[in-house]
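Working notes, beginning with the structure itself.
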There are 4 protein chains.
Amino acid sequence: MSPKWVRQPEARPGQILAAALEEFSRRGYRGATMEGIARAAGVTKGTIYLYFAGKEALFIATLRAQVTALAELLPGLRIEAEADLGDYARTMAARFLELLMTPSIAKAAPLFIGEINHMPALRRAYLEEWMPQFSMKLAAALESAMAAGVIRRLDPVITARTLMGMFTIFVLTQEVFEAKTVTPMRLEDIAETITTIFLEGVRNTR
Amino acid sequence: MSPKWVRQPEARPGQILAAALEEFSRRGYRGATMEGIARAAGVTKGTIYLYFAGKEALFIATLRAQVTALAELLPGLRIEAEADLGDYARTMAARFLELLMTPSIAKAAPLFIGEINHMPALRRAYLEEWMPQFSMKLAAALESAMAAGVIRRLDPVITARTLMGMFTIFVLTQEVFEAKTVTPMRLEDIAETITTIFLEGVRNTR
Amino acid sequence: MSPKWVRQPEARPGQILAAALEEFSRRGYRGATMEGIARAAGVTKGTIYLYFAGKEALFIATLRAQVTALAELLPGLRIEAEADLGDYARTMAARFLELLMTPSIAKAAPLFIGEINHMPALRRAYLEEWMPQFSMKLAAALESAMAAGVIRRLDPVITARTLMGMFTIFVLTQEVFEAKTVTPMRLEDIAETITTIFLEGVRNTR
Amino acid sequence: MSPKWVRQPEARPGQILAAALEEFSRRGYRGATMEGIARAAGVTKGTIYLYFAGKEALFIATLRAQVTALAELLPGLRIEAEADLGDYARTMAARFLELLMTPSIAKAAPLFIGEINHMPALRRAYLEEWMPQFSMKLAAALESAMAAGVIRRLDPVITARTLMGMFTIFVLTQEVFEAKTVTPMRLEDIAETITTIFLEGVRNTR
DNA sequence: TATGAATGAGGGTTCATTCAT
DNA sequence: AATGAATGAACCCTCATTCAT
């Protein structure tokens with residue numbers, strides 16, 4: 001007779017995180033239930049508490065997993081020479097958009113935005129762990145490009161955020177607002193538009 | 001002897017909506033309680049139900065009030081001639097940013113993003129009422145500018161969204177992420193940056 | 001310009017009682033709302049409190065109105081001679097059934113049964129006011145018939161209740177259980193059956 | 001140290017149903033609270049929801065338990081020969097009355113009557129589950145007795161209902177109206193009276 | 001006399017968390 | 001390690017009643 005359940009201490013956290021992302025995404029932080037997550041993960045409620053301290057901790061762990069995944073996929077951003085700036089940027093933009101639109105990652109964005117204001121531990125994770133990894137990194141890359149005279153001198157933090165904004169808003173409008181079904185756009189067109197606007201905007205024409 | 005309470009059928013909805021925005025913003029949709037909103041509005045729980053059908057309806061009404069406020073403040077967007085395009089756009093951008101950063105409006109954004117995926121009535125309001133008012137309008141304005149040859153020909157919907165994205169991400173980063181306190185930026189700098197990038201990006205250089 | 005409302009101190013109680021019976025009957029005591037009753041009566045909530053002390057008092061007044069109506073309609077029950085006992089009883093039974101099945105009266109029965117156990121004031125009204133008017137009266141009539149040797153000697157109280165039971169159960173099954181629509185019966189058949197069974201059962205065959 | 005609580009998944013439903021009947025009976029459907037029922041059952045509110053979908057479902061389950069109990073106690077009703085009809089019927093009537101007057105069963109009747117008109121699910125249970133078990137069965141038995149010439153030919157459905165009515169009204173008057181304390185009657189007298197009236201009434205004298 | 005805005009207590013239900021098994 | 005029965009706090013909503021107008 002096969003046992004009713006098997007020990008899988010190695011696999012459990014991953015199963016639970018995957019189920020949690022799915023459930024949190026489908027129903028929101030408050031709307032998702034531990035029961036529902038457990039069922040989706042193929043375990044029972046109590047089991048989750050063996051691996052995570054509680055619902056909030058599970059939520060943050062769920063988002064962290066996506067941030068980590070994105071960071072690992074992220075190529076080292078570097079802007080080198082004016083010559084191939086356009087092609088290089090276009091390629092980068094398309095790849096980055098593709099990453100961002102990875103279903104699991106895109107789903108995490110609105111969850112993050114929806115809760116960060118009401119979950120101190122989440123804000124802490126963002127401010128201390130995640131933000132530095134991204135916008136700071138991008139700002140630094142831009143600054144070096146400005147120093148090299150490749151792009152015009154602008155506030156690097158603001159510029160980085162502008163660039164991130166262009167990407168982010170597409171994730172939000174496409175995934176969050178489900179505009180996909182209303183006004184669908186091709187990924188290549190988006191990348192092309194963003195890149196063109198940004199590059200033309202920041203290119204050093206002097 | 002002064003009465004225990006006074007009738008204010010005219011003022012009530014506004015009082016409640018203001019309190020609701022404050023509470024929803026502070027604690028999130030699920031975290032806010034009708035009791036708390038009522039207390040903040042200076043009425044009792046039951047009174048809210050005289051004016052709003054329930055928590056969800058109150059939430060949507062709260063957001064609608066901000067959308068309406070923004071729409072009323074919004075100047076008729078018009079892009080006329082290349083000559084003064086830069087100055088005109090810079091002024092417009094600054095004014096628009098100022099509007100968006102109006103505390104009550106900025107607070108509404110993350111609430112909206114956090115719930116739209118799990119509140120069908122809210123999505124309906126957005127898709128049928130609010131979205132057409134903004135991105136469609138902006139896209140139309142851009143299209144006419146393209147037709148006039150003022151700016152380069154790009155997909156007007158994508159371009160409009162890109163532009164909106166630039167603005168939106170600043171609202172989000174400043175208000176949602178409370179980055180204000182971490183990496184403060186001057187409104188004028190933001191407007192200048194956005195405008196420069198966008199205008200340089202879309203100007204018809206032919 | 002006609003006034004928004006007119007004073008009708010004479011007509012109000014009757015309007016309210018009629019509306020109350022309708023609403024209580026449709027939704028039950030707890031299910032009916034003062035708001036609903038008021039609306040059905042064409043007045044507003046507050047007005048009801050000008051005429052009735054509260055919901056419970058209104059409920060009892062509603063039932064009392066039906067009891068009074070029935071009592072007024074009720075012919076003086078008298079059983080005279082063996083000769084015309086059958087015809088007389090049959091006629092009486094049919095008339096009584098018809099009275100009982102008067103919509104407003106039939107509606108009151110289940111309301112009464114449903115609440116009497118949980119409403120001390122209602123029980124008091126029943127025990128002290130209403131019951132004596134009916135089963136006591138009937139028992140007395142039966143007792144005199146027994147004394148006259150018209151019907152066999154049986155416990156008059158039990159016999160009276162048995163007779164009342166035959167009628168009551170038809171009201172309940174027809175109106176309460178809405179069996180009408182499932183197994184409809186003609187009033188004459190019911191009266192005939194009850195009368196036959198009862199008369200044959202109680203006739204003094206000695 | 002003894003545990004704070006013990007698991008009793010087998011016993012819980014029964015405990016809850018017993019407590020529910022008691023509370024519903026004492027305070028009526030609306031008057032009873034889940035909290036009160038839980039306390040009476042020795043559990044907490046939440047536990048009830050592990051076994052019943054909600055208050056209404058609990059209510060219907062409570063009544064169903066009594067109907068089932070009655071049905072199980074009910075002997076196969078059979079009317080065989082004229083010879084011992086009287087004795088047989090008298091015995092049956094007394095036994096049936098005794099069953100009906102079982103405190104838990106008698107308590108269910110007024111609850112049922114009080115709510116059936118305002119609880120669609122309850123009406124469905126009655127019309128589709130419970131009614132067929134009783135009045136239909138009795139009508140069939142009477143019909144066969146008529147066919148056998150044991151009792152006179154009358155509408156079997158009406159006759160069955162008349163008979164049920166005689167019993168029911170005693171339950172109602174004794175338990176519902178708590179007439180017990182006002183005009184107490186001996187069970188045997190009631191059975192004797194009902195049987196006599198009914199049998200004399202329906203006996204085939206031709 | 002009539003209105004209806006406002007109150008506020010109360011109850012059904014949900015669900016994160018605990019803990020006996 | 002895993003289960004799932006049980007807990008209990010919290011919250012939305014209803015509605016009888018009050019009272020300013």
Side-chain angles (χ1 to χ4, degrees), chain A residues 3-10 12 30-38 42-56 58, chain B residues 1-12 30-38 42-56 58, chain C residues 3-9 12 30-38 42-56 58, chain D residues 1-10 12 30-38 42-56 58:
Chain A
K4 283 157 89 176
W5 45 264
V6 292
R7 297 190 173 199
Q8 301 187 16
E10 308 299 313
R12 287 285 182 250
R30 292 311 214 297
T33 66
M34 295 300 268
E35 174 68 41
I37 293 169
V43 297
T44 56
K45 264 186 302 187
T47 301
I48 298 180
Y49 287 86
L50 295 175
Y51 298 97
F52 301 93
K55 193 183 186 183
E56 189 173 305
L58 173 59
Chain B
M1 199 180 90
S2 74
K4 285 178 168 178
W5 45 265
V6 291
R7 295 188 168 204
Q8 302 187 18
E10 309 297 315
R12 288 285 182 248
R30 295 308 222 294
T33 67
M34 294 302 267
E35 174 68 39
I37 294 170
V43 297
T44 58
K45 252 186 312 184
T47 300
I48 297 180
Y49 289 88
L50 294 177
Y51 299 97
F52 302 94
K55 194 185 187 184
E56 188 173 306
L58 174 59
Chain C
K4 282 158 90 177
W5 45 264
V6 292
R7 297 191 173 197
Q8 301 187 17
R12 286 286 182 250
R30 291 313 215 299
T33 66
M34 295 300 268
E35 174 68 40
I37 294 170
V43 298
T44 56
K45 263 186 304 187
T47 302
I48 297 180
Y49 287 86
L50 296 175
Y51 297 96
F52 301 93
K55 194 184 186 184
E56 188 174 305
L58 173 60
Chain D
M1 200 179 91
S2 74
K4 283 179 168 177
W5 45 265
V6 290
R7 294 187 168 207
Q8 302 186 18
E10 308 297 314
R12 289 284 182 249
R30 294 309 221 296
T33 67
M34 294 301 267
E35 173 69 38
I37 293 169
V43 298
T44 57
K45 254 188 309 183
T47 301
I48 298 180
Y49 289 86
L50 294 178
Y51 298 97
F52 301 95
K55 195 184 187 184
E56 187 173 306
L58 175 58

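Note on naming: letters A, B, ... go to the chains in the order of the sequence lines (proteins, then strands), and numbering restarts at 1 for each one.
Atom OG1 of Thr33(A) sits about 7.0 Å away from atom NZ of Lys55(A), to the nearest 0.5 Å. Distance check, rounded to the nearest 0.5 Å: OG1 of Thr47(D) to NZ of Lys45(D) gives 11.5 Å.
Here dA6(E) is the nucleotide among dA6(F), dA6(E), dT7(F) with the atom lying nearest to any side-chain atom of Arg12(B).
Nearer the 5' end of DNA chain E, as judged by each residue's closest nucleotide, is the contact made by Gly46(C), out of Gly42(B) and Gly46(C). Comparing Val6(B) and Thr47(B) along DNA chain F, the residue whose closest nucleotide (by nearest heavy atom) sits nearer the 5' end is Thr47(B).
Applying the side chain to side chain contact (heavy atoms under 4.5 Å, CB included) test to Tyr49(B) and every residue at least two apart in sequence or in another chain returns Met34(B). The salt bridge (charged side-chain N to carboxylate O under 4.0 Å, His left out) search around Arg30(A) returns Glu115(A), not counting sequence neighbours. The side-chain hydrogen bond (donor to acceptor under 3.5 Å, both in side chains) check on Glu35(D) picks up Arg39(D), with sequence neighbours excluded.
Look at CG on Leu58(C): it is 15 Å from C1' on dC15(F), rounded to the nearest Å. The CG atom of Leu50(C) sits 13 Å away from the P atom of dG4(E) (whole-angstrom rounding). In this entry the distance linking CD of Glu10(B) with P of dA6(E) reads 10 Å, nearest Å. Remark: C1' of dC15(F) and CD1 of Ile48(B) are 16 Å apart, rounded to the nearest angstrom. The CZ atom of Arg7(B) sits 7 Å away from the P atom of dA5(E) (whole-angstrom rounding). If you measure from atom CD1 of Ile37(A) to atom P of dT17(E), you get 11 Å, rounded to the nearest angstrom.
In DNA chain F, consecutive stretches of 3 or more Watson-Crick or G-U wobble pairs with both distances under 3.5 Å are given as paired ranges: E:2-21 with F:2-21.
For the residue pair Tyr51(D) and Gln8(D), the shortest heavy atom distance occurs at OH-O, 4.4 Å. Thr44(A) and Ala38(A) get closest at one heavy-atom pair: C-CB, 3.6 Å.
In this model, the phosphate group of dT7(F) is approached by a side-chain N or O of Thr44(D) to a distance below 4.0 Å at OP1 or OP2.
Contacts of Tyr51(D) with the nucleic acid, taken as non-hydrogen atoms under 4.0 Å apart, involve only primed sugar atoms and P, OP1 or OP2.
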Pull out every protein N or O sitting under 3.5 Å from an N or O of nucleotides 11-13 of chain E, one pair per line with the distance.
{"residue": "dG12(E)", "atom": "OP1", "partner": "Ala32(D)", "partner atom": "O", "Å": "3.1"}
{"residue": "dG12(E)", "atom": "OP1", "partner": "Lys55(D)", "partner atom": "NZ", "Å": "2.6"}
{"residue": "dG12(E)", "atom": "OP2", "partner": "Met34(D)", "partner atom": "N", "Å": "2.8"}
{"residue": "dT13(E)", "atom": "OP2", "partner": "Tyr49(D)", "partner atom": "OH", "Å": "2.6"}
{"residue": "dT13(E)", "atom": "OP2", "partner": "Lys55(D)", "partner atom": "N", "Å": "2.9"}
{"residue": "dT13(E)", "atom": "O5'", "partner": "Tyr49(D)", "partner atom": "OH", "Å": "3.3"}
{"residue": "dT13(E)", "atom": "O4", "partner": "Lys45(D)", "partner atom": "NZ", "Å": "2.8"}

